[in-house]
Amino acid sequence: GKALEDRREDEQAFAHYSEGNRIRAGQLHYDPQVITAHVEACEALFSRDFLAGRQGLGCAAPDPIFILGMPRAGSTLVEQILASHPLVEGTMELPDIIALSRRVGRSDDEARSEPGKGMRYPAILAELTADELRALGQDYLDRTRIQRSSGKPFFIDKMPNNWTHTGFIRLILPNARIIDARRQPLACCFSNFKQHFARGQAFSYSLETLGAYYRDYVRLMAHFDWVLPGVVHRVIHEELVADPEAEIRRLLDALGLPFDDSCLRFYENTRPVRTASSEQVRRPISSEGLDQWRRFEEWLGPLKAALGPALGGWDDAPKP
């Protein structure tokens, strides 16, 4: 598919992308209703009153900066920019929040059962004491300490799937920063459709499940905009590309970090990057690639249908 796209044989390229995705989806058996149900459970649990009643109960450490959202949405670029700041250390896509959420949501007996069975998360979070929330936050810091070697006061956790755990992060690490890296839905989802991930991201192998996943993501983040106004800082990829310095200054202000020119020269940073965007972040910001999806728009009808209201409200999601 990529070879044919490079030759501008778009119809044949899309056919190959579609067949590769069909094969992979058949191996994974992804059920989009699982994420939808999780989003609904989070909306029910994380009300303003629930969060206000637990404000400040977790581990008070301000060290983590979480960058979350969809894969292929510009999160690696945001990470590289921040990791170029003298006060911030870049790490990688860390699995620790996901691991802790699974531990909280499953008893010892259930942990040995079929994956997905017996999950009590996120509802179980309502039963946790202040000491338990604090211990979970400290456990996260202890687990991730092995990733930190520079002695810098802040570090980045760039696991995109952590958007499903925004409420959990807020409970156990109330002073952590949270960044939502967002990209236009057709561009973002089609980029996922073309990507064969090393692991995870089972939602990405059909246009329908991609659209449903993006829609659920926008829906849950809109909920947290409502119940935790100002806590999540959103970086729109297209706006970052259009005016890098202004958006980088806005990002650093939101994180309480002083401006540093090195963030504008992020492409000079030689730190290892292990995501599919590793080559792009070695170059200055460019608008190249923003509209590549338009060549394939005539075949993206199922994606548009699945996105529903998120197609029009993706960059300013309506509040619940």
Side-chain angles (χ1 to χ4, degrees), residues 1-39 68-77 93 95 98 114-116 158-164 181-221 237-238 273-281 288-312 314:
K2 177 64 166 62
L4 288 163
E5 182 180 354
D6 289 347
R7 290 162 54 181
R8 304 193 70 85
E9 298 178 24
D10 293 345
E11 184 173 4
Q12 295 91 330
F14 189 82
H16 280 276
Y17 287 140
S18 297
E19 179 62 9
N21 279 283
R22 184 193 66 78
I23 293 169
R24 187 66 176 133
Q27 297 168 341
L28 297 175
H29 307 291
Y30 173 75
D31 180 2
Q33 289 303 313
V34 173
I35 288 294
T36 300
H38 174 78
V39 168
L68 44 77
M70 290 285 294
R72 312 298 294 147
S75 59
T76 302
L77 175 59
E93 296 181 354
I98 295 171
E114 181 181 348
K158 198 198 76 69
M159 175 61 75
N161 309 67
N162 279 340
W163 69 266
T164 62
R182 190 169 297 187
R183 184 182 177 191
Q184 199 272 357
L186 297 176
C188 182
C189 290
F190 185 58
S191 183
N192 275 273
F193 192 68
K194 297 195 296 178
Q195 181 69 41
H196 181 205
F197 293 95
R199 61 183 180 276
Q201 321 305 3
F203 64 88
S204 67
Y205 298 105
S206 93
L207 294 176
E208 291 85 356
T209 57
L210 269 164
Y213 188 89
Y214 189 105
R215 185 185 68 234
D216 283 336
Y217 147 65
V218 167
R219 171 181 169 180
L220 185 58
M221 299 315 292
H237 180 65
E238 288 77 7
V273 178
R274 299 180 178 89
T275 72
S277 301
S278 58
E279 293 184 14
Q280 289 96 318
V281 298
E288 179 185 358
L290 286 184
D291 292 325
Q292 283 182 334
W293 65 272
R294 294 187 184 278
R295 288 166 44 191
F296 298 86
E297 185 172 8
E298 64 181 291
W299 301 292
L300 299 182
L303 173 59
K304 293 180 179 180
L307 284 165
L311 183 58
W314 65 275

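Numbers here simply count residues along the sequence, with the first being 1. Quick note: numbers below take in every heavy atom, side chains included, and nothing from hydrogens, waters or symmetry partners.
The heavy-atom pair separating Ala181 from Gly74 by the smallest distance is CB-C, 4.5 Å. Nearest heavy-atom pair, Pro185 versus Trp314, reported as atom, atom and distance to 0.1 Å: CD-CG, 3.3 Å. Nearest heavy atoms, Phe296 versus Ala13: CE2-CB, 4.2 Å. Phe203 approaches Thr209 most closely through the heavy-atom pair O-OG1, 2.7 Å. Closest approach of Cys188 and Ala73 over heavy atoms only: SG-CB, 4.0 Å. His196 and Arg24 make their closest contact through NE2-NE, 3.7 Å (heavy atoms, listed as atom of the first residue, atom of the second, distance).
Here the CE-CG distance, from Met221 to Asp216, works out to 13.0 Å after rounding to the nearest 0.5 Å. Rounded to the nearest 0.5 Å, atoms CG (Leu210) and CE (Met70) are 5.5 Å apart. Put simply, CG on Leu303 and CH2 on Trp293 are 9.5 Å apart, with the number rounded to the nearest 0.5 Å. Once rounded to the nearest 0.5 Å, the distance linking CG of Leu186 with CZ of Arg183 reads 10.5 Å. To the nearest 0.5 Å, the span separating OH on Tyr17 from CG on Leu4 amounts to 8.5 Å. Note that OG1 of Thr164 is 8.0 Å distant from CG of Leu220, once rounded to the nearest 0.5 Å.
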**Request:** Determine, stepwise, if the pair Lys194 / Glu5 fulfils side-chain contact (heavy atoms from CB on, under 4.5 Å).
**Result:** CA-CA 11 Å; Lys194 297 195 296 178; Glu5 182 180 354; 3.1 Å; yes
**Request:** Go through Ile35 and Tyr30 one step at a time and tell me if the side-chain contact (heavy atoms from CB on, under 4.5 Å) criterion holds.
**Result:** CA-CA 10 Å; Ile35 288 294; Tyr30 173 75; 3.5 Å; yes
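Judged by distance alone, the side chain of Asn162 and the main-chain N or O of Lys158 form no donor-acceptor pair under 3.5 Å. Judged by distance alone, the side chain of Glu9 and the main-chain N or O of Gln12 form no donor-acceptor pair under 3.5 Å. A donor-acceptor pair under 3.5 Å is absent between the side-chain atoms of Ser191 and the main chain of Ala187, judged by distance alone. Checking side-chain atoms of Arg215 against main-chain N and O of Ala306 turns up a donor-acceptor pair under 3.5 Å.
Annotation for Gln27: atom CD counts as buried by contact number, over 12 foreign heavy atoms lying within 6.0 Å.
Tested against Lys304 for a salt bridge (Lys or Arg N to Asp or Glu O under 4.0 Å), the candidates Glu297, Glu298, Glu208 yield a single pass: Glu297.
Aromatic rings of Tyr214 and Tyr217 (six-membered ring for Trp) have centroids within the 6.0 Å cut-off, being under it.
Electrostatic pairing of Glu19 and Arg22 counts as a salt bridge here, judged by a charged N lying under 4.0 Å from a carboxylate O.
Side chains of Arg182 and Val218 form a contact here, defined as non-hydrogen atoms less than 4.5 Å apart. When side chains are defined from C-beta on, Leu207 does not count as touching Trp299, because their heavy atoms never get closer than 4.5 Å.
Under a cutoff of 6.0 Å and an axis angle of 45°, Arg295 and Phe190 do not form a cation-pi pair.
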